[in-house]
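Each chain gets a letter, A, B and so on, in the order its sequence line appears, and its residues count up from 1.
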2 protein chains.
Amino acid sequence: MTTTVVDNIGLLVTNDPRLGDGPLGLRRDAAVVFEGEFIIAVGDAGLVADRRVDAEGRCVIPGFVDSHTHLVFAGDRSDEFAARMAGQPYAAGGIRVSVDATRAASDVELSRLTELRRAEARRAGITTVEIKSGYGLQSYHEARCLEVGRRFTEDTTFLGAHVVPPEFEGRADDYVHHVCTDMLQEARPHARWIDAFCEVGAFDVDQSRAVLAAGLAAGLGARLHANQLGHGPGVQLAVEMGCASADHCTYLSDDDIAALAASDTVATFLPATDFSTRQPYPDARRVIDAGAAVALATNCNPGSSYTTSMSFCIALAVRDMHMTPDEAILAATLGGARALRRDDVGAIAQGMRADLCVLDAPSYTHLVYRPGVPLIHRVVERGV
Amino acid sequence: MTTTVVDNIGLLVTNDPRLGDGPLGLRRDAAVVFEGEFIIAVGDAGLVADRRVDAEGRCVIPGFVDSHTHLVFAGDRSDEFAARMAGQPYAAGGIRVSVDATRAASDVELSRLTELRRAEARRAGITTVEIKSGYGLQSYHEARCLEVGRRFTEDTTFLGAHVVPPEFEGRADDYVHHVCTDMLQEARPHARWIDAFCEVGAFDVDQSRAVLAAGLAAGLGARLHANQLGHGPGVQLAVEMGCASADHCTYLSDDDIAALAASDTVATFLPATDFSTRQPYPDARRVIDAGAAVALATNCNPGSSYTTSMSFCIALAVRDMHMTPDEAILAATLGGARALRRDDVGAIAQGMRADLCVLDAPSYTHLVYRPGVPLIHRVVERGV
């Protein structure tokens, strides 16, 4: 098989402390060699391979691992967004607008839209992506959305418990039962994860627990939308159920943070959501200082965070969540991998997937220092 | 001369209320025809010309007018930025780091760096740019920086009064005298505007007044850095001296706002600076509601705002300064033109310069709705 070297890397972020300095495993004047989909060597500049890509002194980082997206949807909600910016508060109910449009879209259209967004995410440096269902909310449509998602990632998540659909208005418990039985059965072959939106206006703690328990019993891994719009029991439930990740974590009590720190559950922050819903930003500093694992993800979706820009999330995380640039880069790469319980992505080391971003900058700090500037110069995903 | 039509525009922002709906002069299914550098017709889709560009239903807006940048500099200050994000406050003194690097750079290097940044700004949709000196702070070097800037814009601004250089440490008044005499004389042929940094740590109100007065007497137009880091006399001075623009306006008293509203001085907001220095954002709502004219600009510079992304500024203006998307678009185009007292840019109408951006989106709202996503699909500047 042909080997490729990315050579003349001014600054390499490996995320492997054995390979370089500090938690980011930083190396100067480095090279990375890969063969097919996998990295076979990391070393000093000048390594030899069949094919050579010259990074010209630029900074190279692991590809971003975006552990929380809703890429499969149809329709537009820019009007709802504009109304919110004019003062209307965010509410989970807007999800139903996307549900109507998604159900109405043809398979071909839904695939095409998802492919466009996945391509945009790749241009933004995202080489691993999780994709949730949740705009179908009927057995057929949830399974269809997961099948579409599966074409783009192995990390698909069944989110039938996104919001109560119109057909079950006022009968949330009946809907939860439906999610846990028929819908789960149809979704199961196309999903790796189960998820629920545990929030006022969506599902309460008992309903969310029932959904996660059903998914776990069916062999799925668990993750949870928790504590987005206010304090609540979501984070504690995520820890109780052994979720890989509690996502949002905008409102955290000291007990929530202590529970996260004592668990394997990653706190996944979605700051572009807090930006787009004008919520306060989570205090990542407290969470990190307590010893909990953290991740950053885009939450790309049409209602509350229609962005594929992990760089934007990183800039917000540093400016408004008081993470250091090092912590933010780590959270957007290795943190995302942990949140997906993946050990093949999120770092640049022998045996890892050949996923990396060449930045149009001498340092990863520039992702924050140069906000809004598209600095992703080149993306390699699975060696291509 | 060859004529070109940009046809099949789904939504056109003309900024001319005579040409369409509302203050943005919105038209659906539109076309724009230009010949050489100038627009010769705005009408419904289907207009005919020698050459046709198909916008494929996209939104088209006037090119951004960036009325405040410092594009001519050498050196990097990402370390200072990282230190600031770790808690160190922003101070004007950091400017001297860029002064040392800029003085040390060759003419060729300085031109090359400026050209790269101007090209990056164009990719970000900026078709008119103002460029300040202020990293030379010696007669020869200020004139040299303005000469470089002049290659990229007619709107060059002499900012000898950026900060007191090391040679004049403790002798600010002597430096001001030097700026107002020898330095101004050398800078004058290469500049359209005079500017000063009226702020604690830079120049006080009397020093700033002396600089503006000298520039005005030499035939330059006046503009002023005012009220960036705290309340102060800058905005009142800008109005008193008939400045085209008071830039920053982060801290404004009721009297400042009343003075702006009663004047021809534009309040130019630089929210990427407030982002990168972790300052509060200005309350644009109060300023607009009082009836003052406003603009948005990037303030692209290596210390406090190293971005060329007007889209990022627009997103911040809506999210954090409570401007509507309409107001923000207007401020980044026609507002910038007013702040430069230009009547040939900032709108899409017959006789205006053929400067426009085709967005990869159906509406300009998407510049806020999709933060961080590079949505500038195509840029036309002076018809090219």
Counting only heavy atoms closer than 4.5 Å, note whether A:Pro371 contacts chain B via side chain, backbone, both or neither. both

Steps toward side chain to side chain contact (heavy atoms under 4.5 Å, CB included) verdict (A:Leu316, B:Phe275): CA-CA 9 Å; A:Leu316 291 179; B:Phe275 183 92; 4.0 Å; yes

Cut-off 4.5 Å, heavy atoms of chain B, and the answer for A:Ala361 is neither

Minimal heavy-atom distance between B:Ser78 and A:Thr365, with the atoms involved, is O-CG2, 4.0 Å

Walk me through it: do A:His366 and B:Phe81 pass the test side chain to side chain contact (heavy atoms under 4.5 Å, CB included)? CA-CA 9 Å; A:His366 286 65; B:Phe81 174 82; over 6 Å; no

Which atoms of A:Thr324 approach chain B - backbone, side chain, both or neither, heavy atom under 4.5 Å: neither

Check: A:Arg278 side chain, B:Arg319 main-chain N or O, donor-acceptor pair, under 3.5 Å: yes

Counting only non-hydrogen atoms closer than 4.5 Å, does A:Asp76 touch chain B with its backbone (N, CA, C, O), its side chain (CB onward), both, or neither? both

Assess whether atom CD of A:Glu115 is packed by more than 12 heavy atoms of other residues, nucleotides or ligands within 6.0 Å. no

Within a radius of less than 6.0 Å around CZ of A:Arg28, do more than 12 heavy atoms belonging to other residues, nucleotides or ligands occur? no

Got a second to check how far B:Met85's CE is from A:His322's NE2, nearest 0.5 Å? 8.0 Å

Listed by number, the residues in residues 294-313 of chain B that come under 4.5 Å of chain A (heavy atom to heavy atom) are B:Pro302, B:Tyr306, B:Thr307, B:Thr308, B:Ser309, B:Phe312

